[in-house]
Amino acid sequence: MNIHEYQTKDLLKHYGVPVPPGRVVHNDAQAATVAEEIGGSRWVVKAQIHSGGRGKAGGVKAGNSIDEVRAIADDILGCLLVTHQTGPEGRLVRRVLIEQASNIEREYYIGLVIDRATRRITLVASAEGGMDIEEVARNTPERIFREVIDPAVGLLDFQCRKIAYKVGLKGTLLPQAIKIMKGLYRCMRDNDATMAEINPLAIVDNGQLLALDAKMTFDDNATYRRPAISELRDFDEEDPKEVEATGHGLNYIALDGDVGCIVNGAGLAMATMDAITLHGGRPANFLDVGGGATPEKVANAFRIVLQDPAVKTILINIFAGINRCDWIATGIIQAMRDQNITVPIVVRLAGTNVEEGRTILNGSSFPFIIASNLNDAAAKAVTTVKSIVTHI
Amino acid sequence: MSVLLNKDSRVIFQGFTGQHATFHAEEAIKIGTRVVGGVTPGKGGTQHLGLPVFDTVEEAVQSTGADVSGIFAPPPFAADAIMEAIDAGIKTIVVIADGIPVQDMIRVSRYRMGTSSIIIGPNTPGIITPGVGKVGIMPSHIYSPGRIGIVSRSGTLNYEAVAQMSELGLGQSSSIGIGGDPVNGTDFTTILQAFEDDPDTDAVLMIGEIGGPQEVDAARWATKHMSKPLIGYVAGLSSPPGRRMGHAGAIISNESDTATAKIDTMEELGMFVARNPADIGATVLRAIKS
């Protein structure tokens with residue numbers, strides 16, 4: 001789960017991480033009021049959407065007067081911001097963060113990630129702040145420094161000192177850097193985050209370290225015990241089909257092809273998409289119905305997949321372990337009956353109760369295209385789409 | 001058969017009297033698994049499925065000599081259950097739960113250090129040794145005894161591979177799911193080592209997916225430490241970067257995480273690789289014939 005920059009900064013403030021004075025607003029009048037309240041002579045207006053690359057896309061601008069702040073806020077609010085992460089359709093800006101602008105002397109990067117190899121949280125830092133850290137890692141890996149954190153004792157002072165000296169944070173900056181690193185770690189640990197980064201962490205003109213931008217991602221599996229974090233979720237930033245799917249216990253991700261997929265298990269769902277691609281087709285989505293899928297759940301899966309107007313055919317690939325093919329088949333029939341489905345349906349069933357499942361499908365009057373295995377299923381789905389396209 | 005579950009293994013289930021554990025314990029018993037009891041706090045001293053129930057894993061181990069545990073506790077309680085099993089000296093711990101917070105697994109992994117416990121999962125179908133038994137939720141009827149070891153992240157993709165192998169008459173020595181989470185109990189390498197040491201395994205199939213360095217790390221390790229043929233498949237060729245594909249661990253966060261990058265490295269290292277998921281069985285056959 002992602003949250004907005006202003007929410008991340010509010011959280012970090014509670015952990016002793018200094019951030020610029022500022023507040024989020026929803027219209028240009030509020031923008032002017034807030035700029036006046038926080039004072040200063042220069043302000044930054046920052047679009048609040050769940051995406052990186054906002055600056056390049058024109059979503060971050062500085063104003064030198066209250067009127068300018070008002071004009072910029074008016075400009076950015078309500079526009080569709082297109083970044084490398086939003087896709088060509090862009091993302092509507094519903095709120096902007098107004099902050100006092102700082103004179104930046106130097107920028108650094110500080111982040112915490114979960115390292116799968118060591119199975120621990122790792123502190124990552126670089127003197128190349130303000131840049132895309134993955135690019136730095138690729139081009140100049142020697143400029144990135146790491147400290148692996150033992151969960152039994154947490155991030156230790158000496159680890160922070162090692163990192164601080166390596167990136168060149170010394171003198172009066174050192175105690176500030178240690179406080180920020182430890183605050184970031186505690187914030188990540190206490191709130192079940194899976195990633196936390198400050199980029200850039202800047203030295204501003206008065207010799208203070210300040211988190212100018214910050215990002216955190218939270219563990220979806222831990223929201224049950226972090227109600228305060230769950231409240232920060234912004235459904236406007238998520239695909240409504242994906243939100244609806246989650247509500248039905250389905251795992252759905254929209255893609256840009258035309259073969260709708262309904263599969264059980266994440267691995268098999270990915271493999272089914274791959275088989276479609278290898279046969280020259282393009283999957284319209286990833287959808288995992290999970291284990292123990294009831295007929296109702298299967299019918300809901302159809303509803304979600306068919307909300308995408310690009311879907312020209314649906315491929316159902318089920319290898320039932322704790323699932324039951326007869327329940328899946330019943331769900332398919334239910335969907336066909338209730339949802340007026342006109343696209344061709346390719347079905348491949350295997351595993352638990354497969355005979356019962358096939359009998360149910362064969363006993364209906366719907367023209368299912370039955371596939372015997374994964375290869376056959378992908379081939380039939382792709383052929384079906386191609387023949388539809390030719391007819392049009 | 002593999003070292004993790006063999007004919008001498010004595011199996012208990014944690015969360016024994018719950019609905020899922022009961023169903024899967026019965027299934028395990030049906031195919032001959034040596035189940036010796038289970039643990040449900042508060043129900044110690046009672047019987048379930050004709051077997052003793054204990055309040056703590058420690059008591060269960062003392063009374064039954066259990067060395068394998070199947071944990072069916074739900075995600076919020078799973079980490080505690082795993083650490084209880086480690087504390088009691090259980091050697092093989094199978095964790096079925098899907099949805100354990102990742103920081104819980106970081107703590108579990110730290111707690112395990114210095115012990116000889118092996119954690120299979122979480123988010124795994126479990127372990128099956130066809131002809132001997134299973135601890136998990138896989139449909140045992142699709143497996144058959146044989147000499148190919150399987151280790152996978154995904155459950156249903158494991159079934160798919162087994163179905164393709166069965167059509168070609170290839171059985172399994174053991175099949176182990178290490179789970180789809182970003183921080184799991186055991187990596188591919190540990191399981192490959194177990195299969196390499198197992199006299200009843202001739203070749204190993206490793207089924208991976210996008211996200212993380214595990215498949216490539218294991219492939220590199222295998223070139224130096226494995227004499228048996230290693231076959232690989234990686235799901236997610238068509239998955240977009242930055243999106244979590246169902247499994248919390250299946251997310252492309254950098255270039256080395258993609259399926260193509262992993263497959264290319266595996267091929268460079270001389271592994272047998274199926275690029276098409278429909279060719280997994282055929283690739284295994286090709287590997288053992290060569």
Side-chain angles (χ1 to χ4, degrees), chain A residues 85 113-114 116-121 134 137-138 150-152 188-189 192-194 219-222 224-225 251 253 255-257 263-278 282-283 286-288 290-291 317-323 350-352 373-378, chain B residues 75-76 98-107 109-110 125 137-139 141-142 152-160 163-164 167 180 182-184 187 207 209-214 217 233 235-240 242-250 253-255 259 275-279:
Chain A
Q85 287 172 359
V113 293
I114 288 169
R116 294 177 175 209
T118 55
R119 299 188 174 89
R120 290 184 177 188
I121 294 174
E134 273 158 27
R138 205 160 36 234
D150 183 336
M188 175 155 175
R189 186 199 57 195
D192 272 300
T194 52
D219 188 347
D220 294 325
N221 291 337
Y224 73 90
R225 64 185 180 196
N251 219 318
I253 291 169
L255 302 167
D256 54 10
V263 190
N264 68 320
L268 189 60
M270 277 187 273
T272 305
M273 287 160 49
D274 293 351
I276 291 167
T277 308
L278 290 163
R282 293 189 314 143
F286 166 99
L287 191 147
D288 172 11
N317 183 20
I318 301 291
F319 206 122
I322 48 175
N323 274 303
T352 308
N373 56 39
L374 174 58
N375 204 35
D376 189 33
Chain B
D98 171 9
I100 301 181
V102 66
Q103 293 202 28
D104 283 7
M105 282 311 297
I106 289 174
R107 284 185 276 273
S109 164
R110 174 67 172 82
I137 58 174
M138 68 285 281
H141 63 90
I142 65 168
S152 72
R153 278 213 250 170
S154 154
T156 47
L157 195 45
N158 182 313
Y159 311 160
E160 173 68 40
Q164 290 180 26
E167 267 187 39
V183 172
N184 50 11
D187 52 19
I207 303 172
E209 56 197 39
I210 53 166
Q214 285 201 8
D217 288 351
Y233 169 72
L237 276 175
S238 49
S239 300
R243 304 303 308 273
R244 172 182 148 161
M245 305 304 282
H247 284 158
S253 27
N254 60 57
E255 283 158 21
R275 282 192 176 255
N276 185 333
D279 294 339

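Per chain, numbering begins at 1; letters A, B, ... match sequence-line order. Predicted, not measured: the structure shown is a model, and the values here were computed from it.
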- CG (A/N375) and CG (B/N276) are apart, to the nearest 0.5 Å, by 5.5 Å
- Message: I'd like to know if the side chain of B/T156 reaches the main chain of A/N264, judged simply by a donor and an acceptor atom lying under 3.5 Å from each other, with no hydrogens or angles considered.
- Response: yes
- Item | Contacting moiety of A/A275, where chain B heavy atoms sit under 4.5 Å | both
- Task: Check the pair A/T352, B/H141 against side chain to side chain contact (heavy atoms under 4.5 Å, CB included), reporting the backbone distance first and the verdict last.
- Result: CA-CA 9 Å; A/T352 308; B/H141 63 90; 4.3 Å; yes
- Would you mind checking which part of B/I100 comes under 4.5 Å of any heavy atom in chain A, side chain (CB onward), backbone (N, CA, C, O), both or neither? backbone
- Salt bridge flag under 4.0 Å for residues A/D220 and B/R244: yes
- Of all of A/D288, A/I121, A/I253, which one pairs up most often with chain B through heavy atoms under 4.5 Å apart? A/I253
- Message: At a heavy-atom distance under 4.5 Å, which candidate from A/R120, A/Q85, A/R282 has the highest pair count against chain B?
- Response: A/R120
- Task: Select, from A/A222, A/A271, A/A378, A/G321, the one with the greatest count of heavy-atom pairs under 4.5 Å involving chain B.
- Result: A/A271
- Message: Side chains of A/N317 and A/T272 only: does a donor on one sit below 3.5 Å from an acceptor on the other?
- Response: yes
- Among B/P75, B/S152, B/A259, B/G249, residue most engaged with chain A (heavy-atom pairs, under 4.5 Å): B/G249
- Do any N or O atoms from the side chain of A/N373 and from the backbone of B/A278 form a donor-acceptor pair under 3.5 angstrom? no
- Message: I need the B/R275 CZ to B/Y233 OH distance, nearest 0.5 Å.
- Response: 11.0 Å
- Item | Heavy-atom proximity to chain B below 4.5 Å, by part of A/F319 | both
- Note on the structure: Applying a strict 4.5 Å limit to non-hydrogen atoms, the region of B/M245 in contact with chain A is both
- A/F286 and A/A266: which non-hydrogen atoms are nearest, and at how many Å? CE1-O, 3.7 Å
- Please state whether the side chain, the backbone, both or neither of B/S239 comes within less than 4.5 Å of a heavy atom of chain A. both
- Query: Roughly how far, to the nearest 0.5 Å, is CG of B/L237 from CD of B/E209?
  - Reply: 12.5 Å
- chain B interface, residue from A/G265, A/P283, A/A377, A/G257 that has the most non-hydrogen pairs under 4.5 Å: A/G265
- Query: Mind checking what makes side chain to side chain contact (heavy atoms under 4.5 Å, CB included) contact with B/V102, not counting sequence neighbours?
  - Reply: A/I114, A/T194, A/D219, B/P182, B/V183
- Item | Residue among B/Q103, B/H247, B/R107 with most heavy-atom pairs under 4.5 Å to chain A | B/Q103
- Message: Evaluate A/R119 against B/N184 for side chain to side chain contact (heavy atoms under 4.5 Å, CB included), listing each step before the verdict.
- Response: CA-CA 8 Å; A/R119 299 188 174 89; B/N184 50 11; 3.9 Å; yes
- Task: Report the option among A/N251, A/D274, A/T118 that has the most heavy-atom pairs separated by less than 4.5 Å from atoms of chain B.
- Result: A/D274
- Message: Heavy-atom cut-off 4.5 Å, strictly under: side chain, backbone, both or neither for B/P76 against chain A?
- Response: both
- Give, as side chain, backbone, both or neither, the part of A/A137 having an atom under 4.5 angstrom from any heavy atom of chain B. neither
- Task: Quick one: pull up CD1 in A/I322 and CD1 in B/I137 and give me the separation to the nearest 0.5 Å.
- Result: 4.0 Å
- Note on the structure: Comparing B/E255, B/R153, B/M138 against chain A, the one with the most heavy-atom pairs below 4.5 Å turns out to be B/E255
- Query: Looking at A/R225 and B/D104, does any basic side-chain N land under 4.0 Å from a carboxylate oxygen?
  - Reply: yes
- Interface moiety of B/E160 toward chain A, non-hydrogen atoms closer than 4.5 Å: both
- Query: Side chain, backbone, both or neither: which part of B/I142 has a non-hydrogen atom closer than 4.5 Å to chain A?
  - Reply: side chain
- Relative to chain B, which segment of A/D150 carries a heavy atom at a distance below 4.5 Å: side chain, backbone, both, or neither? side chain
- Option that, when pairs with chain A are counted at under 4.5 Å, heavy atom only, ranks first among B/P101, B/A235, B/P240, B/G212: B/P101
- Task: Return the option, out of B/P139, B/G236, B/S253, with the maximum number of heavy-atom pairs under 4.5 Å with chain A.
- Result: B/G236
- Item | Part of B/D279 within contact of chain A (heavy atom distance under 4.5 Å) | neither
